Every structure is written in C-alpha cells, then in structure tokens.
Amino acid sequence: MKSKLLVLSFFLFQLPLATLQAQSWVKKTAKSVLTLKTFDANGTLLGSSGGVFIGEAGDAISSFAPFRGASSAVVIDAQGKEYPVEMLLGANDTYDVAKFRVTIKKPQGLTASKVKMTAGSPVYLLPYREMKTAVAGELSKSETFGQGYDYYTVKIQMPENGVGWPLFDAEGQLLGLMQQPATATDTLAYAVSALYADSLKMTGLSINDEALRSTHIRKALPSDVAQAQLTLFIASSTQDSATYVQLLNDFVQQFPNEQDGYVGRAQFAAGDDRYADADRDMEQALKVAQKPDEVHFSYSRLMYDKLVYRPNPAYEPWTLDRALQEAVAAYDANPQPVYKQQQAYVLYAQKKYSEASAVYETILGSSLRSPDLFFEASRCKLMQADTLGYLSLLDSAVNMFSRPLLKEAAPFILTRAQARLEAGKFREATTDFNDYEQLMAAQLNDHFYYLRFQAEQSGRLFQQALNDISKAVELNPQQELYYAEKASLEVRVGLYDEAIQTAQACIRLQPEYSDGHLFLGLAQCLKGNKAEGVKSLQRAKELGDPQADGLIEKYGK
C-alpha cells in the first residue's frame, strides 16, 4: 500500500507538459520562461537561475545570487535564443530577487498576479524548455511582508535547478519565483511574490546598496529625475571614473532636457582635458536649462578652474573674459551673492584688484559673510599695497570668531600675525602668535617659533625671543640661520659666553657660513678678547660678510 502511495505522489507532482497543454494558458506562458547565466570578467560561468520575462519593456525577474561578482550576464529564452542583460533595475538580497533589462525586441512578458491565494490551491512550476515535465504542487500557506506582498509556502518537490522558476496558479497567473529550499529532499518549498520582484526599482541611495555593489553589472538610474540627480551626486565621489561616466551618459539619454547630466559630463570632460567636449555639453546645458543661472555659474567656474589651476594644455575659446561674462550672466538671471563672488574670483585672476575689491564690498554684508569672505577680500587690498585695508579686513575675519577660540580660527590668526609682523606691529603680532600656539600646540614647527622670535625681538620681548629661537634650534638643529640669530640676540642682551658657544656650534655645523664667524668675533671682542675676536671677524670678511670691515676697524685698533 505504501509503495502505491509513493507512485501516486510521483505522478501528481511530475506532470508531462502534454497533460498541462489542455489548459490554454500553458503554451503561451511557457514562452516567457528563461534561464539566466552570469559570468566573471574572464568569461567564466559564475551561476545560473530560472526566471521569467515581465512587462513589455524587455524586463525580467530572477534570483539575485548569480549576479554576485558578475561582470556580464545573458538570458536564454524558450526558443533557445540568447540575449545580453543590459542593466539591473533593482535587487533585494534578503529575498534573493532581482529585476533586470534584457536587450530583446519582442519580449514575451507576463503580468504579476495581485490575486490573494488560499491554502490548498493548486500551483505549477513551468520548466525551461530543456525540461520536459512541469512540477505541480499545492499552496500550503501565504504570508504577507513589506507593503502587502505575499511569501508562499508550497508543498512540492523542487527540481534540482528550480531556483528562480516562476510559480503559477491554475489560471496561469504569475504568482512568484521559487527560492532555494532548505534541503534537496524537502517537500516544502518557498516562493517570493513576483509582484514584489516586479516592484524593485532604483532610488538615489541604491548606488550604496551592499547587494548592488557586489555585482559589476551595469545599474539603471532611478526613473525619478530627483532620485537620479541624487545618484549622480553620490557617484561623483564614490564611484570609479568609468562607472561615473556611464551614469552621466545614462542620465543624458534618460533625461535629455535636464541640465545636470550635461553639466556633470562637461566637468568630467574638462578634468580629462577634453575641453571641446566640455564646451559642447555646457552649451547644450544652456539650451535646455530650467535654471540658467546655475549653468552660467558652472560654466564660469569650469573656465576659471581650467585657466587658473590647469592652464596647460591651452584651450583658446575659454578666457577669463568669457568666465567673467558667464558669472555676470548668472547674476543677471538670478542675483545671488555667490555669483558676485565668482565675478570677484575672475577679476582677481585678471589682476584687476581694485575692481575685485569693489565687488567684494557689495557682498561682505550678504548671506556669504564669513571669515573666508573677508580673507578673500583682504587679498585684493594686499595686492594694492593697501596695508591698512589689508589689516582691517583680516581683523574682520578674526573678529567673526568668538572666544574661547576654536581651531577653525587658526589660519586667519596666523595670517594676521604675519601681516602685523610685516607692518611693524610687533607686540600685536606676538599676541596673535600666542593665540595660534594655544590652538595648534601639537602641530607647531621650527618656522613658527622663528616667526614669533622675530616679532618678540623687534618688540623688545627679549626673554621670550631667546626662548623661541632656542626652541627653533631644538626642532631643527641643522639650520645654521637659527644659531646665527640666537648668537646675535645673545650678544645684544650681553650674554657673551652663551653667544660664543652658539656661534661655535654654528661654525661646526656650517664652517663656510659667515654669520657664525661674525657673531663669534663680535662676542669675543665684547668679552675683551679682541685678538681672537678680530681673527674671527677677519674670517667672516673672507667669507664675504659686508659687516665685518666696520667691526674690524672698530675693534682692531
């Protein structure tokens, strides 16, 4: 009796196709079944799966697993014809499903069923053409996930290669795609809703999806332009150049009347020294622009960046005059202060410092008001040799920071310290150097201590100056200038023994450096050892020191 039941079970679940032909939907539906095959970069087969065409655009759904690590993929239809997979349209690793587009002219696409199935309903797996038998089963239960999609448990004996096979109801409605069973002999199998697989789509953040990043198959852009723009923005900093260019080209093809694709492609072309291509795309962007001010601004920046930072190779159609015209056109189309700022950049590059300064004056009180803006404006005053204007704007930059100061203020404070040093405001410069030291204590070098030494020495803060020049020597003991400066200050404050030791160290480091001999001789003379001192001064003279003659005449008598 038991053996008869086993035989009966076999015939229930393994139904010849001829048996199913009586149902009118079978023959037509079977044409939509496909096999997916994926390959690595060397053309080696990675994996395969069943699947089915869906819709009318050459789209298909299948399991996602074969796509992992794949560089290319093909599908083989019910007639045995092979077609390349063009791109992925969406994927979900959790439910192991993918939607993709196939390069095919007349797809035999199905429509996913929205009918809710009840337990006990008959279901069928239609095989790929090479398998001569269909597999029948019974729906055990249907569970809901996500936004009302069904996940099916089916009483069925899954074929060995049945993953991805489409599951149908008795009316030929596409229910789902079969998933990997727990074991090869398990009589319970599972299918995920075909309606869910068909709903898969790209969003602006899909480019960062872990599953999609695991495959090298081309990915589609989102169908929504805002989401596609987000994809481009993320891709510009996260994807390799080939992938990014492909996305830009896809965007232009998919949204030919949107400016962003042309602008992005122009920026990439300019970075690759293809300026004629960049120029052509920018002109097209202007033709389709919904926001022409943004395109004019981008055009100006593109020219400016090329001319200022990458002047070679030259591209004659792009000039600073044109860059200025585009910046003016941007402001005329939409009077935003950032477009005025771009005009100032170009005028500064043209060395029209007075005009650039006048433009800055119009936006210093705008929404762009910031330490950076005051600093930019200060450079124009510097180039005009307007020391008071230069310092005033640097004061404004620093004054935008409240105390206690944060590290963001450090570059502005250091710049003002150097400006004050150059202007002869030595004690004010020292104050700035002290503030900078507090902010950047762990990153100070010998040059910083030498700069502050100069301010302190000129401001008659001699002990602080000695401390700083000693620190500079400690940090860079191979710099003979520091020894000479230290010896000079030690002579100035009457520390003759220390000056002699410092000068001798300088001479040991660099015997041909005249300053070492000069300050050694001066210290020796001032200490009362004029004979040795004059010898040292004579050596400095031989090395070309212009001060030596006067000192020899003074102390050699």
Side-chain angles (χ1 to χ4, degrees), residues 55-60 83-90 99-107 109 198-209 212 217-303 305-306 315 317-318 322-323 325-327 329-330 332-334 339:
E56 300 177 354
D59 298 345
Y83 302 93
V85 172
E86 182 181 350
M87 67 180 75
L88 276 166
L89 303 176
K99 185 178 181 181
F100 50 93
R101 182 154 295 157
V102 180
T103 305
I104 184 172
K105 292 183 178 179
K106 296 180 179 180
D198 187 34
S199 74
L200 293 173
K201 62 181 181 179
M202 296 291 184
T203 70
L205 298 177
S206 292
I207 196 167
N208 286 333
D209 182 82
L212 290 169
I217 301 292
R218 178 180 164 198
K219 290 89 177 175
L221 279 172
S223 57
D224 176 76
V225 65
Q227 291 296 306
Q229 289 167 335
L230 178 58
T231 296
L232 289 186
F233 176 75
I234 296 173
S236 66
S237 59
T238 62
Q239 301 298 303
D240 61 77
S241 58
T243 301
Y244 182 51
V245 169
Q246 181 65 65
L247 288 170
L248 287 169
N249 290 334
D250 288 348
F251 189 97
V252 168
Q253 183 176 7
Q254 192 168 327
F255 306 104
N257 293 318
E258 293 290 335
Q259 64 194 47
D260 289 2
Y262 299 105
V263 172
R265 197 164 66 176
Q267 290 169 338
F268 187 88
D272 201 29
D273 293 338
R274 293 184 290 106
Y275 300 109
D277 291 343
D279 205 31
R280 188 164 46 250
D281 269 335
M282 289 306 300
E283 291 296 333
Q284 184 61 30
L286 284 173
K287 291 178 182 178
V288 303
Q290 301 82 30
K291 298 178 179 179
D293 59 304
E294 294 182 358
V295 181
H296 285 299
F297 175 61
S298 295
Y299 210 173
S300 178
R301 288 190 61 181
L302 207 57
M303 293 181 191
D305 289 346
K306 186 266 181 292
Y315 181 62
W318 285 5
R322 277 194 67 191
Q325 290 169 9
E326 292 297 331
D332 288 345
N334 185 8
Y339 302 152

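These figures come from a predicted structure and were not determined experimentally. Positions are given from 1, in the same order as the sequence printed here.
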Taking side chain as C-beta onward, heavy atoms only, is [X] less than 4.5 Å from [Y]?
X      : Y      : result
Leu221 : Met202 : no
Asp198 : Lys99  : yes
Lys201 : Ser223 : no

- Message: Please enumerate all residues that pass ring-ring contact (aromatic ring centres under 6.0 Å, His included) together with Phe100, with sequence neighbours excluded.
- Response: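 Phe100: ring-ring contact (aromatic ring centres under 6.0 Å, His included) contacts with Phe67.
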- Is a side-chain N or O of Gln254 found less than 3.5 angstrom from the main chain of Pro222, in a donor-acceptor match?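 Checking the backbone N and O of Pro222 against the side chain of Gln254, a donor-acceptor pair under 3.5 Å is found.
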- Any donor and acceptor pair, going by atom type alone, linking the side chain of Ser236 with main-chain N or O of Phe233 inside 3.5 Å?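 Judged by distance alone, yes, a pair lies under 3.5 Å.
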- Message: As a quick check of understanding, evaluate side chain to side chain contact (heavy atoms under 4.5 Å, CB included) for Ser241 and Phe268, giving each step before the final call.
- Response: CA-CA 9 Å; Ser241 58; Phe268 187 88; 3.6 Å; yes
- Message: Listing request: all salt bridge (charged side-chain N to carboxylate O under 4.0 Å, His left out) pairs with a residue in residues 235-258, at least two apart in sequence or in separate chains.
- Response: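 Every pair satisfying salt bridge (charged side-chain N to carboxylate O under 4.0 Å, His left out) with a residue in residues 235-258: Arg218-Asp250.
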- Task: Go through Tyr275 and Asp273 one step at a time and tell me if the side chain to side chain donor-acceptor pair (under 3.5 Å) criterion holds.
- Result: CA-CA 6 Å; Tyr275 300 109; Asp273 293 338; 2.9 Å; yes
- Could you check whether the rings of Tyr315 and Trp318 sit parallel, tilted or perpendicular, using 30° and 60° as the cut-offs?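 Perpendicular, since the angle between the ring planes exceeds 60°.
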Within a radius of less than 6.0 Å around [atom1] of [X], do more than 12 heavy atoms belonging to other residues, nucleotides or ligands occur?
X      : atom1 : answer
Gln253 : CD    : no
Arg301 : CZ    : no
Glu283 : CD    : yes

- Item | CA sep, side-chain torsions, deciding dist, call: Ile207, Leu247, side chain to side chain contact (heavy atoms under 4.5 Å, CB included) | CA-CA 11 Å; Ile207 196 167; Leu247 288 170; 3.9 Å; yes
- Task: In sequence, state the C-alpha distance, the side-chain angles, and the governing distance for Glu294 and Val263, and then conclude on side chain to side chain contact (heavy atoms under 4.5 Å, CB included).
- Result: CA-CA 10 Å; Glu294 294 182 358; Val263 172; over 6 Å; no
- Message: Could you measure the distance from the CD atom of Gln290 to the CG atom of Asp260? Nearest 0.5 Å is fine.
- Response: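 With rounding to 0.5 Å, CD (Gln290) is 8.0 Å from CG (Asp260).
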- Stepwise, does the side chain to side chain contact (heavy atoms under 4.5 Å, CB included) test hold for Lys291 with Gln259? CA-CA 8 Å; Lys291 298 178 179 179; Gln259 64 194 47; 4.0 Å; yes
